[in-house]
Structure formats: C-alpha cells, structure tokens
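To start, the structure under review is shown below, and the notes come after it.
Here is how names work: the chains are called A, B, and so on, in the same order as the sequence lines, proteins then strands, and each is numbered from 1. Just so we're clear, the structure is a prediction, and the values are computed from it rather than from any experiment.
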Amino acid sequence: MELYKNHELSIYNSLTKQKEKFEPITPGNVGMYVCGPTVYSNVHLGNVRTFMSFDMIFRYLKHLGYKVRYVRNITDAGHLENDADAGEDKISKKARIEEIEPMEVVQRYTVDFHNMLNLFNFLPPSIEPTATGHIIEQIELIATIIENGFGYVVNGSVYFDVHKYNETNDYGILSKRKLEDLIHNTRALDGQSDKKNPQDFALWKRAEPQHIMKWPSPWSEGFPGWHLECTAMSTKYLGNQFDIHGGGLDLKFPHHECEIAQNQAAKGVSPVKYWMHTNMLEMNGQRMSKSTGNIINPEQLLSGDNDKFDKGFSPSVIRFFMMQSSYKSVLDLTNDGLIASEKGYNKLMELISLLDKITPSSTTNTGDISVENLRNDCYAAMNDDFSTPMLIGTLMSNGKLIHGLSNGTYQINEADLTLLKETYHSFVFDILGLQQETAAGLDTEKLNSTVSLLIELRDNARANKDFATSDRIRDQLLEAGIQLKDGKEGTTFSIN
RNA sequence: GGCAUCUUGGCCGAGUGGCUAGGCAGAGGUCUGCAAAACCUUCUACAGCGGUUCGAAUCCGCUAGAUGCCUCCA
C-alpha cells in the first residue's frame, strides 16, 4: 500500500533549520543511516532514546509504504579516546584494562546492545555493518581524499586538511560554525604536532607497537579515524547521496560535520538530503554523566534496582514516556514523569482492550466525533515531523468515543469499527511500537484460574454481607500485587 | 569566551499569528456495603520589558535564567 502518495510528510532538517516536505531521492524508496553505538560499555539510556526515535521513524516510513533501507552501524574500532596523537582506540583501551581480546569487548557489548533493544521492542535495521568489517572501504576512501588534495600524510598517519577544504567548501555548514571562530576557540591539546592545524582530524592513525587493534595500510599499520567509518558504510549501502542521516545532537559537531567534509572531498557531493538530530536525555534535570554519578543503566530502570526511582518500569512504559515528548526536545527522566506515564500507558491499553470487545451495530452514531477525522488527526500528527506527542494526545482524547461505544451511548457499523480498530492498532503497536504487556514470566493461565476462584469466593462473601472475608481477599491480593477492579460486568484484576 | 537552542498552568509535556492539546496531580460527581478501579465534569498558562499587527504564547528586539556543543559522547 503506497500510502505515502496521499500523505505529505514534513521533516525538520537540521541542515536548513526548517521543516521541509519529505521527498525521497528515489520515489518510493528511503535510505536512512543512523550512527550506532560504540560497543565499549553497556548501552546507555540516552542511546536507547535516540535509537527509539529512529525506530519510530523507521516504523512510520514503512507504514506509509516506503521501501526503507535502514542502516545503523556498530562502531567496533577507530573511535579515539581523544584526537591527540596519543589517542587510543576506545575498544582497545577497554580490552587492555580488562585484559581481554578487543573482539571480546565488542562481542560482549554488542550482545548487550541487541538484548536491550529487543526488550524495548525495536525492529532490527536492514543492515547493521561494523567498522572492522569495512577497513578496506575506509582505506580506499582515504586514498581518494588524498588524491583529491584534501588529506596529507605525517609519520604514517593521515589527516584531513580542514583549512584547504574550507577554501572551496563550507566547513561548518551543518553546525553553523565558522572556521575562524573554531581557530580562536580550539583548546590547546598536547601532542598535536603532527597536524598542520588543530582543526584537522584523523583519517588514519599509525598504531604504536603495543597497540592490539591494527590493520595494514599504504601509510602504516594502524587504524581508521572515527568519522570515516560512517562515510564509508553509509555511501557503500545507500549511495553517495541518500535521504536521511540521523544521530544524537551531540554528534552534530564534529562528527557529522566531518562526514559532510569527507563526502565532499571524496565524492564531490554533500551526502545527505535530510539531517535529523535527536535531543538529549536528562535525569532529574541534569545531563546523564558517569563522572557525576547521574547515571542509570536500562536494566536498573526496568528492575527498580536503583536509588533514583521508587520502582521499576516496564519497557513499554518507558517507551510511552519517551514517545510523549518530541525527539527534538530535551527529555527529563524523573520519578513523577514515569509514574504519570505508567498511568497514561495503562489508560491507553485499557482503551484498546475495550475497543476490541465492541460489537458493530447496523448504523453509526458517534456524536461529534468521526472515525475518519480521528484517523486523519493521527496521520496529521505523524506527518508533522513525527509528532508522537500529538499522536498520543489524539489517541487519548478520543477515548470518550471508545467509552461511549462501550457503554452504549454511541453505535458504530462494521466498516467504521474495523477502521477504528485498525487505526488504534496500527498507530499504537506498529508505529509507536508499544506492546500490550501481560505479566511477563508469569503463568497467566494458572494465575487467571486462581484469581477467578478468589473473586468468586469474594462475590459469595459479599452476597452474604460477610465483608470481613471479602475485604480480606481484596486487601491481601492487593498486598500481593494483584488489584481487583469491580465493574458493571463483574470483577477483573490487574497485576501491579 | 564563541556558536546554538530553550523558558507554557501544582508537575510533565504539545502547539506556534485569531479557535479545547494530552497525561499526572487537585476539586466535584456517578458507581460501590465501604473502598479501589473506571467513567463524567471542572480549575489554572504561555519568563520579564518593549515593538510589529485589527489581533501575539506564537513574529522582531532587549533583559534575565537554563541547557547543549566547542575535547570522547546518542
């Protein structure tokens, strides 16, 4: 279904700093590249937020009927600790500290990364290439950049000549910086003697003898610079120019700026039509940071095993929380915010279970709400630069329609009911990527029959006005984490 | 210091020239043996000052405050 033909999607382009109508380079096809994690430690919750935003974008583009090729890389080499000559690869540093093979580090944290994303119900990208798997492509790219006069070799290392590049191109076009300002504001770092200018960045670094991760190249035994891998892998799989490039806001400069420069220098074109940057995740009003201790692992947030939050939160609640804010806004992770989201999420899931129980009538009478309008509002929200907060608002505020249908105030015919169900299901599950969470790890069938028995006993007690017994059942169950809910149709329960 | 972004009601968080965001919390109600849950109703806002405009939370300027990047970071 080529829905995109009937929808005008607009995307905020960080390059032009405005919303633009989305028109892919090849009609019907979308190429999207997102800078993935450097696998040298456990996945950070901020990474989860960024990748979740692009997961949602991937989902919506697919929903619109685009054929999407989504490339998200794994950085398993080349990411320098700092840009000085003494710079050490993050992976080898970790390997040295832990006395294990670099590829063991990579394997461990790649597995952790995938496990975590699975928990949060991420779709796998179309291609997940690794930097170490593309050393040859990177070497070729460096050779071309040198050939074109934008790279120079010093002591076996290769640097990108930013000043030379800036004579014919605009270094700073993405981050809105001027080279002269950068010159004035670059801090003096030790050991930069190899570079012609401090603004130059490494394309290839010669490895010291004790270095464990290194590859042969025309210039030295060494390893590629960090910015290079994304240029090599994105253009290999998506072409010299592609539609969307995403990543966290903190990668805008220098990483993405350098990608543009490398692509211009090697291929003569700017690589990306729409640059998208996701904003930062904070916790309790402060940037998450290992050095200040303002940090929490995803596992700890899920389990509640931490000193920052009252309890654990399920993956869908965290996803709902993140989807309630715009990917372009700073999001502050707080206890109150998560509690509020948990209630909101439960409410939405309740709406969907109600909706699934509604039976069609011969005619439709839904007051001043029309299913058609509701559906259009959902699309309008998403078409407006993937406004998931607006989408959630629409889904929530039309809850009165579902309640009205449920309690008989409104009626709906079969065609409209199908459309309504389809709308809620596709936006909530397929696009937002939320899941209806049944108590994971519990044998729900056995639990159901057990609690049903208790509900029956309680009903009998209440009928006999033996409230001591009925209240005891209710209160004891609540203490055990099972909440009874008395409704018109009888008593149901939920697990807290 | 430079560049950029942001400042919405008790809290979170959308919107962006005239028209209800939404959630949480609060208040009132329906239901209930009492509750809880659920549902219904309801309150409150656009940092300050000046300008543009018939009209500004929305555009422009200034002031104050916060944040990000400038060094590895999603």
Between rG68(B) atom P and Asp250(A) atom CG, what is the distance in whole Å? 11 Å
Nearest-angstrom distance, P atom, rA21(B) to rU8(B): 16 Å
Candidates rG23(B), rC70(B), rA37(B) - which lies nearest the side chain of Gln483(A): rA37(B)
For Gln324(A) and Thr388(A), what are the C-alpha separation, side-chain angles and deciding distance, and is it a side-chain hydrogen bond (donor to acceptor under 3.5 Å, both in side chains)? CA-CA 6 Å; Gln324(A) 260 188 312; Thr388(A) 50; over 6 Å; no
Is it the case that the side chains of Ser329(A) and Asn279(A) hold a donor-acceptor pair, with the cut-off being a distance below 3.5 Å and no angle test? no
Report the nucleotide, chosen from rC24(B), rA37(B), rC34(B), that has the shortest atom-to-atom distance to any side-chain atom of Arg474(A). rC34(B)
Among Phe120(A), Phe122(A), Phe51(A), find the residue that satisfies the ring pair (Phe, Tyr, Trp, His ring centres under 6.0 Å) test when tested with Phe113(A). Phe51(A)
In terms of side-chain heavy atoms of Arg458(A), which of rG22(B), rU16(B), rG33(B) is nearest? rG33(B)
In whole angstrom, give the distance that lies between atom CG of Asp486(A) and atom P of rU30(B). 18 Å
Partner of Ile473(A) under side chain to side chain contact (heavy atoms under 4.5 Å, CB included), picked from Leu454(A), Ile455(A), Leu478(A), is Leu454(A)
For Thr132(A), which residues count as a side chain to side chain contact (heavy atoms under 4.5 Å, CB included) partner, sequence neighbours excluded? Asp76(A), Ala77(A), Met103(A), Thr130(A), Met213(A), Trp215(A)
All side chain to side chain contact (heavy atoms under 4.5 Å, CB included) counterparts of Ser314(A), not counting sequence neighbours: Ser316(A), Val317(A), Glu437(A)
Would you confirm whether the ring centroid of Phe201(A) sits within less than 6.0 angstrom of the ring centroid of Tyr159(A)? no
Rounded to whole Å, please give me the gap between CD1 in Ile392(A) and P in rG15(B). 13 Å
Expected rows: protein N/O vs nucleotides 39-44 of chain B N/O, under 3.5 Å:
| from | atom 1 | to | atom 2 | distance (Å) |
| --- | --- | --- | --- | --- |
| rC39(B) | OP1 | His403(A) | NE2 | 3.3 |

Across nucleotides 4-13 of chain B, 5' to 3', mark each nucleotide with B, S or - according to how protein heavy atoms within less than 4.0 Å reach it. SS-------S
Paired runs of 3 or more consecutive Watson-Crick or G-U pairs involving RNA chain B, with both pairing distances under 3.5 Å, are B:1-7 with B:64-70, B:10-12 with B:22-24, B:26-30 with B:38-42, B:47-51 with B:59-63
Which residue lies toward the 5' end of RNA chain B, Phe320(A) or Met280(A), if each is placed at its nearest nucleotide? Phe320(A)
Rounded to whole Å, how long is the line connecting atom CG of Leu432(A) with atom P of rA14(B)? 15 Å
Tell me: CG of Asn346(A) to P of rA37(B), nearest whole Å? 12 Å
Classify the ring geometry between Tyr60(A) and Phe386(A) as parallel (under 30°), tilted (30 to 60°) or perpendicular (over 60°). perpendicular
The side chain of Lys485(A) lies closest to which of these nucleotides: rA35(B), rC24(B), rA37(B)? rA37(B)
Position toward the 5' end of RNA chain B (nearest nucleotide), Pro37(A) or Asp384(A): Asp384(A)
May I have the distance from Lys343(A) (atom NZ) to rG23(B) (atom P), rounded to whole angstrom? 13 Å
Going by the angle between their ring planes, with limits at 30° and 60°, are Phe58(A) and Tyr70(A) parallel, tilted or perpendicular? tilted
Tell me the interatomic distance from Glu342(A), atom CD, to rC24(B), atom P, rounded to whole angstroms. 12 Å
Relative to each other, are the rings of His277(A) and His256(A) parallel, tilted or perpendicular (30° and 60° limits)? tilted
Can you measure Asn335(A) atom CG to rA25(B) atom P for me and round it to whole angstrom units? 13 Å
Thr231(A): which residues meet the side chain to side chain contact (heavy atoms under 4.5 Å, CB included) condition with it, sequence neighbours left out? Leu141(A), Glu259(A), Gln262(A), Asn263(A)
Can you tell me, in whole Å, how much space there is between the P of rA35(B) and that of rG29(B)? 12 Å
Counting only side-chain heavy atoms from C-beta out, which of rG33(B), rA74(B), rA14(B) sits nearest to Met390(A)? rA14(B)
Kindly determine whether Tyr33(A) and Tyr237(A) satisfy ring-ring contact (aromatic ring centres under 6.0 Å, His included), including the steps that lead there. CA-CA 9 Å; Tyr33(A) 186 90; Tyr237(A) 298 111; 9.0 Å; no
Looking only at atom C1', what distance separates rG22(B) and rA45(B), rounded to whole Å? 15 Å
Taking 5.5 Å and 30° as the limits, would you call Phe467(A) and the base of rG33(B) a stacked pair? yes
Output yes when Arg177(A) and Glu257(A) qualify as a salt bridge under the 4.0 Å nitrogen-oxygen rule, no when they do not. no
Nucleotide nearest Arg177(A) (side chain, heavy atoms from C-beta), chosen from rG33(B), rG2(B), rU16(B): rG2(B)
